[in-house]
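Reminder, nothing fancy here: chain letters follow the sequence lines and each chain counts from 1.
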Amino acid sequence: MSRYDPSVIEPKWQNEWEAKKPFKTPTDLAELKKKPKFYVLDMFPYPSGAGLHVGHPEGYTATDVVARLKRMQGFNVLHPMGWDAFGLPAERAAMRDGIHPAVITKRNVDNFRRQIKRLGFSYDWDREVDTSAADYYRWTQWIFLKLYEKGLAYLAEVPVNWCPALGTVLANEEVKDGKYVETGDPVERRLMKQWMLKITAYGDRLLEDLDGLDWPDGIKEMQRNWIGKSEGAEVTFKVEGSSEAFVVFTTRPDTLFGATYCVLAPEHTLVSKITTAAQQAKVDAYVLEAKNKSELARKEDAKTKTGVFTGAHAVNPATGKPVPIWIADYVLAGYGTGAIMSVPAHDTRDHEFAKAFGLPIVEVVKGGKDVQAEAFVDEGVAVNSGLLDGLATGEAKKKMTAWLEEQRLGKKRVQYQLRDWLFSRQRYWGEPFPIVHCEDGSIATIPEAQLPVELPHVDEYKPTADGRPPLARAGDPWLGVTLPNGKKGVREVNTMPQWAGSCWYYLRFLDAKNDQQAWNPELEKYWMPVDLYVGGVEHAVLHLLYARFWHKVLFDCGLVSTKEPFQKLFNQGMILAYSYRSEAGKYYHPKDVDDRDDGAVVKATGEKLHKQVEKMSKSKSNVVSPDEVIEEHGADAMRLYELFMGPLEQVKPWQMSGVAGVARFLDRVWRLVVNEETGALSAKLTDAGPESEPDLHKALHKCIQAVEKDTLGLRFNTGISHMMTFANEATGAKTLPKAIARTFMTVLAPYAPHLAEELWSRLGGEGFVSIAPWPKFDPALVVENTITYAVQVLGKLRAEIQAPIDATEAEVRALAEAEPKMKPWLEGKTVKKFVFVPKRLVNFVVG
RNA sequence: GCACGAGUGGCGAAACUGGUAGACGCAGCGGACUUAAAAUCCGCAGGUCCUUUGGUGGACCGUAUGGGUUCGAGCCCCAUCUCGUGCACCA
């Protein structure tokens, strides 16, 4: 073989790695403790039937490059991969095709594994996990028992998001605008008895501990918003002429004097009790209308405020005056107390409502705006507010809250938007709960020693005729059980949501084969926390919040040693692709398109096409599969291009011609070492020391330094550009000392490991270059001894001069003034100021 | 509507802490090699204009737009526009 042929060398080295396991992470603790650790984790995929597209391996390639570099730098690196294998698509496919979801899942996993392995990632495959395997979900159930024991898992009759199309409930997080976010199927509200996890008990810690994490600010902010902590007060309003009272929540207790009416949510229990006979008909109609309005319609109507007067009045506890009580759907039953005090002068929504219904607007915070025309919502100085007058908003809040507490009319309160986590699903393909509902109405847990509660076989994967979840089809002996204490009962037939398995998989990787424990505590102490976690921004809230919650519970149980699981998080940007659409809206596959400078046309017909960048999707004919890229250019080129496209965090379009570009670079590296005609080593290679090519030697060390720095800083695109620069210089050099070539292979190895291994072995390198020590750059070789100074006049570049690295300001100035090009710019001018930036530039400020 | 992020050549992008804008690559152009093409190697390449027989040399403009701070701004400040993402009646 003489040409660079990835289809030959890539399988060759993958087989070598598979056989000799250079990437196996030690499992022995004493062995591990000899070296520092680095845990670099990918968000493991859900193995869908469609296989990988080129977006998946972007993050995997990034972590693999870091893992390989760290390994070469002498770290024990934990770099595992697994499958988030429970989930709805497999269950749907099972229903459609009548095949067990486990079979479908295995098929998909096998395909994913095959595709991932083709890219030459240095995973320790001995630690592969599958959340749908009984020896994995056994421990998921075990963690559920921990939650249950701590009182963090409970059954509750709650209004849930029921999705008729799927026949299951969904978490709040899975519903947006009244639709299931994944499929767009409509969702309705229903009351059902469900398992809930008390994530709200951890709201404060989930919020506070964000501060210590090295995460993108945007993600932290999204989590903060999701938790939605707001501090304020609750205030009791008495209903005039009745013994009834209701409580409102407000973040602005300082504006109580300006509360000119109150609003209850239409669902508020008090509505039926206080409505006057005269208003009854109108109120009933409004409540009915609100009830039937879909989530979507309610959002649509958000601009126009609607509402009805109940006829009743409440007493403003500050002013003692009666204020009307209205009902309106802009007050949400599910947040706070489902009732508000309205301060139209200082709240936009209340202002709109007051304007619409002619309710009084009273200014209580001075802000220089006309509150009759527009609400003033900022902080200011209290007015028309009795005891608060003259106080700044912050002070006024405190004073009012204290006063309310004194009068027993209210108290300080912290409110979260975060809700408890709805944790059961009416599905088959998920973890069964280790729970038995006893005949006497009590709930029993399955003892740890008897876990796992395995998924039973069922005849069909849909709900029973009477609407119970698929597990109810299992029948006895699975369904009905007799407990050791003789009690009889029925197993829980809900299953856990897909998020459960991914809440702790990073812990199972530490000790994946352990059949006695979920993980060994000593190994946990050694490896945790995760040092680098890379994945898509789509998991910013849900997965990351749930996993943090479980981790904190495990921490409180003494089962993990860190407060947080993921110390550093990085989100890769989505990879998009160009798509070609005709006037009529038909999409064409790139292979049928001629993309010329003057526009894209259909090859066959010459029809003009619109070219745009869009998300990859089958319907747009713009999906690129790693398989096709590897077949054309090889896995190393694929890896390199994934990272060379641009910054990892950025959204960017895939361009096949770009892959060809990096492939060309690899080809060039190949030719540095191999004579393509003969297959022998290139005639340029010499056995002389690296000093025999001083310029190239310097270039090499600059390259080592830059690649190391950029890789660890996750700036892979510039790292690769430095390797290209070196290869270009090496191509231009007269000779190439083998020592330099070998060292360059170690630098290349994390990025293009197959090629590096092949050339390393041809150059006589020992063992695998993938685990060879990372080279140390020589600081003396990376500094220049002459510097090019930019010479500016009034900030504009007028000349360039060369000066020794250690030249003083006066010396550089003298050189600049002596430069002939500078003559016309300086002649006859007075230099008012001279700016000297060492090693960069000088600037003459002339008058 | 609110919050955050981003706007740099034909394209993907680089530019450290305010210091020579466009590294590296794609596409393009020219040359060498070749019967020819591909591949490869060498070179050119932001725009406008001027200059030179020619190689060249030079001026001005240029990082979404308009202002500002500074000896000097892609980077800092103010305002505006566009795009993206998230949240969205959360009291």
Side-chain angles (χ1 to χ4, degrees), chain A residues 3 176-177 216-222 224-226 228 230 232 248-252 255 259 263 298-299 301-303 305 328-332 334-343 346-350 352-353 415-418 537-538 540-541 573-574 578 595-598 640-641 644-647 649-662 664-665 667-668 671 676 709 713 715 717-725 727-728 731-732 788-800 821 824 831-846:
Chain A
R3 301 202 77 142
K176 201 184 160 183
D177 296 336
D217 289 336
I219 304 296
K220 287 194 195 180
E221 202 49 37
M222 280 163 75
R224 284 192 194 103
N225 288 341
W226 194 265
S230 52
V248 303
F249 171 71
T250 177
T251 54
R252 291 296 297 271
T255 61
V263 185
R298 198 158 159 163
K299 291 227 156 85
D301 293 349
K303 289 139 223 152
K305 295 274 179 291
D329 65 4
Y330 86 90
V331 173
L332 306 176
Y335 183 77
T337 59
I340 62 158
M341 64 180 214
S342 258
V343 187
H346 306 291
D347 181 284
T348 343
R349 296 149 303 178
D350 295 346
E352 281 172 30
F353 193 80
Q415 177 70 33
Y416 296 92
Q417 268 169 255
L418 184 68
V537 72
E538 65 272 20
V541 176
M574 205 190 319
Y578 287 99
D595 190 355
R596 305 181 305 211
D597 281 352
D598 58 337
L640 223 47
Y641 182 63
F644 185 64
M645 292 174 80
E649 68 276 18
Q650 202 162 298
V651 175
K652 46 211 177 283
W654 185 271
Q655 287 177 298
M656 266 315 191
S657 57
V659 189
V662 293
R664 211 140 38 207
F665 157 69
D667 221 337
R668 178 172 272 213
R671 283 193 305 270
E676 283 190 309
K709 196 173 148 207
R715 292 180 301 272
N717 53 329
T718 51
I720 293 166
S721 78
H722 287 116
M723 291 191 279
M724 289 174 165
T725 304
N728 291 345
T731 302
T788 305
Y789 273 85
V791 183
Q792 300 182 334
V793 177
L794 289 170
K796 293 207 175 202
L797 181 70
R798 296 303 178 193
E800 285 179 3
K821 275 187 195 164
V831 177
K832 287 201 295 196
K833 190 175 167 187
F834 179 75
V835 180
F836 176 71
V837 182
K839 294 178 195 172
R840 289 208 172 265
L841 58 72
V842 293
N843 187 10
F844 291 92
V845 184
V846 297

Residues at least two apart in sequence or cross-chain that pass salt bridge (Lys or Arg N to Asp or Glu O under 4.0 Å) with E800(A), listed by chain then number, are none
As a test of reading the structure: which of [options] is closest to the side chain of [X], going by heavy atoms?
X	options	answer
V331(A)	A13(B), C71(B), A91(B)	A91(B)
R798(A)	C60(B), C71(B), A91(B)	C60(B)
T250(A)	A91(B), G12(B), A59(B)	A91(B)
M222(A)	G12(B), G58(B), G86(B)	G86(B)

The criterion is side-chain hydrogen bond (donor to acceptor under 3.5 Å, both in side chains); which residues satisfy it with T250(A), sequence neighbours excluded?
none
Quick one: list whatever passes side-chain hydrogen bond (donor to acceptor under 3.5 Å, both in side chains) with E538(A), sequence neighbours left out.
none
Think K305(A) forms a cation-pi with F353(A), using NZ or CZ under 6.0 Å from the six-ring centre and within 45 degrees of its axis?
no
Mind calculating the distance between [atom1] ([X]) and [atom2] ([N]) to the nearest angstrom?
X	N	atom1	atom2	answer
D667(A)	C41(B)	CG	C1'	13 Å
E676(A)	A38(B)	CD	C1'	13 Å
E221(A)	C2(B)	CD	P	16 Å
F844(A)	G72(B)	CZ	P	16 Å
W654(A)	C11(B)	CH2	C1'	16 Å
L332(A)	A88(B)	CG	P	11 Å

pair K821(A)-R798(A): side-chain heavy atoms closer than 4.5 Å:
no
Does a side-chain heavy-atom distance below 4.5 Å link M341(A) with T255(A)?
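Yes; the side chains approach each other to less than 4.5 Å.
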Scan [X] against the nucleic acid and name what it touches under 4.0 Å (heavy atoms): base, sugar-phosphate only, or nothing.
X	value
K796(A)	sugar-phosphate
K839(A)	nothing
R224(A)	nothing

Got a sec, which residues hit side chain to side chain contact (heavy atoms under 4.5 Å, CB included) with [X], two or more places apart in sequence or on another chain?
X	value
R840(A)	V837(A)
S230(A)	F249(A), T251(A), Y335(A), Q415(A)
L794(A)	V845(A), V846(A)
A540(A)	I219(A), M222(A), V537(A)

Partners meeting ring pair (Phe, Tyr, Trp, His ring centres under 6.0 Å) with Y641(A) (sequence neighbours left out)
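Applying ring pair (Phe, Tyr, Trp, His ring centres under 6.0 Å) to Y641(A) gives W654(A).
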Considering residues at least two apart in sequence or located in another chain, which fulfil the ring pair (Phe, Tyr, Trp, His ring centres under 6.0 Å) criterion with F844(A)?
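With sequence neighbours excluded, F844(A) shows a ring pair (Phe, Tyr, Trp, His ring centres under 6.0 Å) to F834(A), given in chain and number order.
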Anti or syn - G7(B), cut at 90° from 0:
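Anti, angle beyond 90° from zero.
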Whether the side chain of K305(A) and the base of C89(B) hold a donor-acceptor pair under 3.5 Å is what I'd like checked.
yes
Can you give me the N/O atom pairs linking the protein to nucleotides 46-48 of chain B at distances under 3.5 Å, or say none if there are none?
none

Shortest non-hydrogen contact from G795(A) to N843(A)?
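Smallest heavy-atom distance, with atoms named: N-OD1, 3.0 Å.
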Taking the P atom of each, how far is C75(B) from C87(B), in whole Å?
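Comparing P positions in C75(B) and C87(B) gives a spacing of 31 Å.
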If you measure from the P atom in G5(B) to the same atom in C71(B), how many Å do you get, rounded?
30 Å
Indicate for each nucleotide in nucleotides 18-26 of chain B, in 5' to 3' sequence, whether protein heavy atoms under 4.0 Å reach the base (B), only the sugar-phosphate (S), or nothing (-).
-BB--BBSS
Which comes earlier along RNA chain B counting from the 5' end, the contact point of L794(A) or that of S230(A), where each point is its nearest nucleotide?
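Its nearest nucleotide lies further toward 5', so the answer is L794(A).
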Pairing of RNA chain B as dot-bracket, 5' to 3': ( ) intra-strand, [ ] crossing, | other strand, . unpaired, with Watson-Crick or G-U pairs under 3.5 Å?
(((((((..(((......[....))).(((((.......))))).(((((......)))))..(((((..]....))))))))))))....
